[in-house]
Amino acid sequence: MGSPSLPSSSVSPLDLAVAALVGASVMVVTAFYFHKRSVDQVLGRLSHLKNRFSDDEEIELFDRHESEGTLESFEDRGEHQNGDEMSDHGELVSESNARVVEEEFYVVEAVSNIMPKSLSEVALISSKLRSFHTDQQNGQNQYGGRSMTLEAARDAAFEGKTNSDDKGSNLVGRYCDQGNKPVNENQGVWRTQSEERILESEANSSEHGANRNSDTSSDSTFNESVQFEDQEVLKMIRGCLALREKYVFRESVVPWTNSVKEPCLKEVNNDPFHFIPVESSSHIFRMEDGVMRVYASKDDTEDLFPVPSSTTFFTDMHHLLKVMSHGTVRTTCHHRLRLLEEKFRLHLLLNADLEFLAQKSAPHRDFYNIRKVDTHVHHSACMNQKHLLKFIKLKLRNEPNEVVIYRDEQHLTLKEVFDSLDLTGYDLNVDLLDVHADKSTFHRFDKFNLKYNPCGQSRLREIFLKQDNLIKGRFLAEITKQVLSDLEASKYQMAEYRISIYGRKQSEWDQLASWFVNNQIYSPNAVWLIQLPRLYNVYKSMGTVTSVQNMLDNIFIPLFEVTVDPNSHPQLHLFLLQVVGFDMVDDESKPERRPTKHMPTPTQWTNDFNPAFSYYAYYCYANLYTLNKLRESKGLPTISFRPHCGEAGDIDHLAAGFLLCHNISHGINLRKSPLLQYLYYLAQVGLAMSPLSNNSLFLDYNRNPFLMFFQRGLNVSLSTDDPLQIHLTKEPLVEEYSVAAKVWKLSSCDLCEIARNSVYQSGFPHAAKLHWLGDGYYKKGCDGNDIHKTNVPNIRISFRHETWTAEMRFLHGGEIILPLEIDH
């Protein structure tokens, strides 16, 4: 069977050629159409850009090109738009092709008109932004509408001090130059690009509106709405900052003025345990709705030191929480914080070597011999575990027959206590002592507190770590003196120890003061804070207190009594001369009810529930505020409010802390709120952070936000919290710095800056800070830094101050006069 024959093709080669020609023609026409449409779009865009130029800019542009003879002006070129033209190669071009060529020529020339001829002419500021303002001062230009070279633009963008392209130009906010002063309201204000974008007003937007087409007007409406929203965000942030100034206590007369007298400081330095009788005043005080009211005399009815009411505070706190939930506010604050972080990284890239050279040039100083303050350490855990073990063994060997405790209706000696535990001095070791935090304490605050019990026995804690016991705290006083002796031997390490007042009875104050005075506990390297455990629910269940008001009475009435009449509590008067702060402690992770402005007063709070953190915070703040005003009026040292805050729990703890507190401890939850983090930066609220402690309780070390906070410029310091549970060496503060330096690769300059922050945050007296930081420590910027005492280069201080100044001017639109001295 033969194969089938193939059908013959009916398409001739001529048909194929015609089809190919038609297809090619269609493709050419289509390509030409798309090309023409693209050119029309480019021309439209260029025409839009041209209309946005001001008349002066356009004239200057044309004059420049006419003088250079490079290209024709737009007007002269109009007469060649009709008829046939000769191309550059001498070929005859049709009218349609000539139009295409001419349009391309327009594109090339228009682009060349807006392109710079050199890199120094690059416009680093968007065309949408207003030009810099000019202002004449002594015949010289400030940064203004003049053109900027690339070097000047770079220095302006990163706030350099000297690399301006005008010799006589001064940049606003340069506090490090001795000859420069802050400008007044009539002087020109230098602003960054982002500031210009935010502060561009609707009037400026409508200035060129007549020359814009319909598409431009719609863009203008959108930009105006965005600018209005940004302005509202800045207004809300400014309102939150103003709320803090409404509450925080500030001394009427700062200690560095000549009018300040410090008789109490001299008294402490000369003989801290000698009481000098002081005449009492006629003040009368009464507790009303949980807040102490002070009157000049018995017959007066005017409150001398009014304080905002609880209703006002809770209303303001909820306003702050409402602003925190605003999406645009969160976005803006997040962007500003990221910008601060990137600025610091760029600063390190440019200036890290210069900082290192500056430190090398400072004689004698290095990290080890600059002052460092442990801004957060609990007294009951101030020693390390090896120190406590050696002390227990020493007492068991030297004083076995000392009666130390009353248990089970009988008095027991130290040896009998250990016999009841079936232990000898030889058996004891660090592992058996079991006071070190481990994996079992993570997110278990209850187990962490149990680590205060040596060998797991509460009776050993009562004997060795309590001052209110049968031996009147003699063992605790002896080991405290040993710790203070170690501090003095190191010379450059200081500490702020926290010791508890529980509020169960008013006599607690006199017992604590007598323990200090009788055991003569004092060191120039240490000051003391009072910590209040928030344990109302525990005391209420035990029947110790009946209401929150009962607890407040036990805490604050003795303080007002000794302030009005120091002779009524002489030992307490001496002890308070060493007290610099008031703290609140407890597990913040416990669930609580967020308070409202209609909360019951402390007298009405008789239920078994523990009040919320902000409830405690307000009533402690309000009574401390009144107490500080009274003490200040009598020339006595004041007490700052510095609670534990933001270690765990709800974010409203940090909101209350921002409104009421001078400094706080921990604050790691600030990472969850961009607004609060930005506010803490702007207000420079001190954060005493303890990454190793957080690593044992609530947050792994590699997730701790300390490094991020430091890079962004927050006022952070390192502290130990609980050396007994956390640290292994004899110098726990140096251990804290060492671990941070290795994990986060901190430089020597970083460590010295953190140490400098710790001195500023601390409550040590003015005379001590003068000696440790320099005579002008209270001034902001480079004027307040002495590298020969702090080992921090002026380059770093200048960067921190200028960055903060730029943020404050951005927030206030440049219309703000910033203080030249630190807050006190």
Side-chain angles (χ1 to χ4, degrees), residues 249-288 291-307 501 505-522 524 527-530 552-582 620 622-641 763-768 824:
F249 170 78
R250 304 292 186 195
E251 293 185 3
S252 302
V253 182
V254 291
W256 45 82
T257 58
N258 295 329
S259 60
V260 172
K261 299 180 181 179
E262 295 185 347
C264 299
L265 177 61
K266 294 179 180 179
E267 177 184 339
V268 170
N269 290 337
N270 294 334
D271 186 358
F273 308 111
H274 175 65
F275 174 72
I276 300 176
V278 180
E279 184 178 356
S280 62
S281 60
S282 59
H283 292 96
I284 299 298
F285 55 88
R286 289 193 297 268
M287 187 73 77
E288 300 176 5
V291 179
M292 197 71 74
R293 310 292 180 181
V294 178
Y295 306 93
S297 64
K298 185 180 298 184
D299 299 330
D300 288 333
T301 59
E302 179 184 359
D303 187 3
L304 293 180
F305 313 116
V307 63
I501 287 291
K505 51 187 178 180
Q506 295 186 21
S507 60
E508 288 179 0
W509 283 106
D510 288 326
Q511 291 175 351
L512 179 61
S514 64
W515 177 76
F516 264 88
V517 175
N518 294 336
N519 292 285
Q520 296 191 337
I521 297 176
Y522 171 78
V527 291
W528 297 83
L529 284 85
I530 301 300
L552 292 174
D553 290 340
N554 295 336
I555 296 169
F556 289 104
I557 287 180
L559 296 180
F560 279 88
E561 288 177 349
V562 72
T563 301
V564 172
D565 184 9
N567 304 299
S568 62
H569 304 271
Q571 292 181 328
L572 180 57
H573 172 73
L574 294 176
F575 170 58
L576 289 180
L577 296 181
Q578 300 187 49
V579 174
V580 299
F582 195 90
C620 288
N623 287 285
L624 273 178
Y625 182 91
T626 307
L627 178 67
N628 283 331
K629 285 291 186 180
L630 178 60
R631 293 181 67 83
E632 184 183 29
S633 68
K634 300 193 64 175
L636 298 172
T638 58
I639 301 172
S640 60
F641 189 33
F764 281 90
H766 168 64
H824 190 271

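Note that the numbering runs from 1 along the sequence shown for the chain. Please read all numbers here as calculations on a predicted model, not as lab measurements. Values below: all heavy atoms of this structure, side chains included; hydrogens, waters and symmetry mates excluded.
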*CD1 on Ile555 to CD on Gln506, rounded to 0.5 Å*: 10.5 Å
*Less than 4.5 Å apart, any side-chain heavy atom of Phe275 and any of Gln571?*
no
*For the pair Ser297 (side chain) and Ile284 (backbone), establish whether a donor and an acceptor sit closer than 3.5 Å, ignoring hydrogens and angles.*
no
*State the CZ-CE distance between Phe556 and Met292, to the nearest 0.5 angstrom.*
8.5 Å
*Val278 backbone acceptor or donor facing Asn567 side chain under 3.5 Å*: yes
*So which heavy atom on Val291 is nearest to which on Ala622, and how close?*
CG2-CB, 3.8 Å
*Verify, without hydrogens or angle tests, whether Glu632 (side chain) and Ser252 (backbone) share a donor-acceptor contact under 3.5 angstrom.*
yes
*Mind checking the OH-CD spacing from Tyr295 to Glu302? Nearest 0.5 Å is all I need.*
10.0 Å
*asked:* On a heavy-atom basis, which atom in Ala768 and which in Phe764 lie closest, and how many Å separate them?
replied: CB-CB, 4.4 Å
*Under 3.5 Å: donor-acceptor pair, side chain of Lys634, backbone of Val564*: yes
*Taking all atoms of both residues into account, what is the closest heavy-atom pair of Lys505 and Gln511, and its distance?*
NZ-NE2, 4.1 Å
*Which pair of heavy atoms, one from Gln578 and one from Tyr522, lies closest together, and at what distance?*
OE1-CD1, 3.5 Å
*Of all heavy-atom pairs between Pro570 and Ser568, which one has the smallest distance, and what is that distance?*
CD-C, 3.7 Å
*Side chains of Phe285 and Thr626: does their closest heavy-atom pair fall under 4.5 Å?*
no
*Point-to-point distance, once rounded to the nearest 0.5 Å, from NE2 of His283 to CG of Asp300*: 9.5 Å
*Keeping the roles fixed (side chain from Thr638, backbone from Lys629), state whether a donor-acceptor pair exists under 3.5 Å.*
no
_For a quick test of reading the model, state the closest non-hydrogen atom pair linking Leu574 to His274 and the distance between them._
CD2-O, 3.6 Å
*Have a look at Leu627 and tell me which of Phe249, Phe560, Phe582 forms a side-chain contact (heavy atoms from CB on, under 4.5 Å) with it.*
Phe560
*Below 4.5 Å, heavy atoms only, C-beta onward: do Ile530 and Phe575 meet side chain to side chain?*
yes
*How about Pro637 and Val580: do any of their side-chain heavy atoms sit closer than 4.5 Å?*
no
*State the OG1-CG distance between Thr563 and Leu636, to the nearest 0.5 angstrom.*
6.5 Å
*asked:* Any heavy-atom pair between the side chains of Val254 and His766 that's under 4.5 Å?
replied: no
*Any side-chain heavy-atom pair from Leu559 and Asn623 closer than 4.5 angstrom?*
no
*asked:* With side chain to side chain contact (heavy atoms under 4.5 Å, CB included) as the criterion, how do Asp510 and His569 come out once you've worked through the C-alpha distance, each side chain's angles and the decisive distance to 0.1 Å?
replied: CA-CA 7 Å; Asp510 288 326; His569 304 271; 3.0 Å; yes
*asked:* Once rounded to the nearest 0.5 Å, what's the spacing between atom OG of Ser640 and atom CG of Leu529?
replied: 6.5 Å
